[in-house]
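In what follows, a single structure is set out as structure tokens and then discussed.
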Protein chains: 2
Amino acid sequence: MTNIRKVAELAGVSVATVSRTLRSPDVVSPATRDKVLQAVNEAGYKPNLMAVRFRSRRTHNLVVLVPTIANTFFARVISGIQEAAQERGYGVLLCNTNGHEETEATYASLVTTRQADGVIQLRAYNPFPEDADSDGTPLPMVNACEVLDDAPCPTVKLDNRAAARLLTEHLLALGHRRIGMIKGPRRSPLTRDRVAGYRDALEAAGIALDESLICPGDFTPRSGYEAAGTLIARAEPPTAIFCESDEMAIGAISCLKQAGLAIPGDISVAGFDDIDFASYSDPPLTTIAQPAEAFGKQAVAMLIDVLERRHQGEPHRMLPHELVIRGSTGEPAT
Amino acid sequence: MTNIRKVAELAGVSVATVSRTLRSPDVVSPATRDKVLQAVNEAGYKPNLMAVRFRSRRTHNLVVLVPTIANTFFARVISGIQEAAQERGYGVLLCNTNGHEETEATYASLVTTRQADGVIQLRAYNPFPEDADSDGTPLPMVNACEVLDDAPCPTVKLDNRAAARLLTEHLLALGHRRIGMIKGPRRSPLTRDRVAGYRDALEAAGIALDESLICPGDFTPRSGYEAAGTLIARAEPPTAIFCESDEMAIGAISCLKQAGLAIPGDISVAGFDDIDFASYSDPPLTTIAQPAEAFGKQAVAMLIDVLERRHQGEPHRMLPHELVIRGSTGEPAT
DNA sequence: GAGCCAAATGTAACCGGTTACATCACACCG
DNA sequence: CGGTGTGATGTAACCGGTTACATTTGGCTC
């Protein structure tokens, strides 16, 4: 392995000069710089980054904790993270937690064992009960997408409440009065905000909330399929269903069609996320578009700001959403 | 930062003893072992893994080169990689190449700069023209899913030719004689094998190949949508379409329905991969199921075998496929 | 009791960089 | 001409572990 000493020898200078030539070229004279660079080339020298990082106490790696990468939305967020990280010279260590908190804790320890500089978590769960490293310094972390209420770190999220309200208002405007909701797992702040937005809209329209129209799911098509089955089995079934993810909406549609219902003729369905498949569903899904890649990029930018001690201003950001109206929602049957 | 010397001091032993207690507990006496472990606990000591790895010249990281993580199939493969790697104590450095070869080369250099021990690539592209490190040692690499013909490394793939033949035979058995194909990008070995399987089946059935029925796509729903449009605009349109991915099949179905065609009444559609959405499409997709997660696990196992010099036997593996018949294929209209 | 061996532990070199500090050459000034 | 400041380079300590080799200890044999 060619190391810095070989290069130094080859160039006839000291190792310090080689190091300086590569790290801060401006402090060495042009003549030596050329000599060193030529020697570097000749020797095919590449610095051993493990050594560099060990010495500089910076790994240039970010851990990403994601509940499941198999979810289309998260896949897009990760794409954004990946791209932004690469641009700034950071690597991405992926951790698919599958919701196991212990797995998350394991991966978060990558930071305390100096394998990564910081954590981006895409789920509201604080893997650090103490919220601090053993020596009291807070863990560099950014919380994106699903955000803790009192997150002790920068956050990026959607205004889920406003978005859910917007979508519900769209359904109300079409004339729906009984609107079902397939929400996410209980206890999730994201779901809670969206349910709040749904309530806001109903309340503003003077419609009483019917708890029996709210069904939990887990963001998979299967859970949407099952929840839709439950909803239409009600004595007074809804005329529209608001699903908290496009995946669940697609599952729901599959169930409704099998039950012989026309969409949106008999029942309207709306989703959330605007994944690729939303446009190709039959009928195409009305949904809330989220800037998934932007979440990733923003999260990386914020985390690196923290890491590089550029603590400027407001660490909580909201990204914009947009209502995309397609064919799966329409006026209720009279 | 608590380091090994503090622990040694606390336990009243030398640093070597501490190191040995943690790495090879069997060579230290039970009494000292207990002393050391207690000191480790007391000090809240965690080894600095950057130092460990630097010294031991093993990063315990694997780079994964993936064309696009936004593809559902790859997301599942990565899930498998992730899980298997974690089990064996390796981290996963993700590289979403978006098909840019230069990006791949950048990431592959993570290995030469000692940031990762090996590479798993999910696409047939050799980022190392020289196929070797500068000092002549071959790069630890495994090629999975889409595999180079003459891959100089272990590989895991599907028997794409047989799978495509199987699916085509299913369509032939239903009575189809004009079968369109929406394939992947040109030059891809994966696509070439699948086209070969399609040909095999047609040939065996005594049907002449009509090149105009083969349309290229890029595995996205959009490209499936567009290719389907092209196919049905032919003078003699096909009565069935075989898509090389479920994503494209879903796009194709969307296009066909918009054109007023019933599926499978007027035209059958089959996919490949058996992604989650395949079951929830309308109609549900007939497709070839691939063990996506197993690809990931297998690739990790093989790569670690290479890394740990356990070079045993046959380094090329095929995973099984399965024809899943659902509602999107049926007999042609008479 | 001397001699020997094995097991347990300590000492210190080493991995490959970075960087604080020392050194040196040289120009400029009063 | 001595003093001083500046820019370029060299020397060597250091990061936090691992491990080859040296040393110590104690049990066993003859």
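Labels below follow one simple rule: chain letters A, B, ... track the order of the sequence lines, proteins then strands, and each chain is numbered from 1.
Remark: C1' of D:dT19 and CZ of B:Arg57 are 13 Å apart, rounded to the nearest angstrom. Here the P atom of nucleotide C:dT9 and the CG atom of B:Leu22 are 14 Å apart, to the nearest Å. Rounded to whole angstrom, the span from the CG atom of B:Asn3 across to the P atom of D:dG16 amounts to 5 Å. If you measure from atom CD of B:Glu9 to atom P of D:dG16, you get 14 Å, rounded to the nearest angstrom. Between the CG atom of B:Asn48 and the P atom of D:dG17 there is a distance of 6 Å, given to the nearest Å. Taking atom CG of B:Leu49 as the reference point, atom P of D:dG17 lies 9 Å away to the nearest angstrom. Rounded to whole Å, the distance from CZ on A:Phe54 to C1' on C:dT19 is 14 Å. Remark: P of D:dC21 and CZ of B:Arg20 are 14 Å apart, rounded to the nearest angstrom.
Considering only the side chain of A:Ala16, D:dA12 comes nearest among C:dT9, D:dA12, C:dG17. For A:Ser29, the side-chain atoms get nearest to D:dA8 when compared with the rest of C:dT9, D:dA12, D:dA8.
Nucleic acid contact for B:Arg5: base, since at least one base atom lies under 4.0 Å from a heavy atom of the residue. When heavy atoms are screened at a 4.0 angstrom cut-off, A:Ser56 is found touching no nucleic acid atom at all. Within the nucleic acid shown, B:Ser19 comes within 4.0 Å of at least one base atom, counting heavy atoms only. Among the heavy atoms of the strands lying under 4.0 Å from A:Val13 are primed sugar atoms or P, OP1, OP2 only; no base atom is included.
Residue side chain B:Arg55 reaches the base of C:dC14 through a donor-acceptor N/O pair under 3.5 Å, judged by distance alone.
Side chains of B:Ser24 and B:Asp26: no donor on one and acceptor on the other come within 3.5 Å. Using modelled atom types and a 3.5 Å distance limit, the side chains of A:Ser188 and A:Glu146 yield a donor-acceptor pair.
Scanning both residues, B:Ala43 and B:Val7, for their nearest heavy atoms gives CB-CG2, 4.3 Å. Closest of all the heavy-atom pairs between B:Gly44 and B:Thr2 is O-OG1, 4.1 Å.
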*Evaluation steps, side-chain hydrogen bond (donor to acceptor under 3.5 Å, both in side chains), between A:Thr59 and A:Asp117*: CA-CA 6 Å; A:Thr59 65; A:Asp117 298 338; 2.8 Å; yes
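Positionally, the nearest nucleotide of DNA chain D for B:Ala51 lies more toward the 5' end than for the other of B:Ala51 and B:Thr17.
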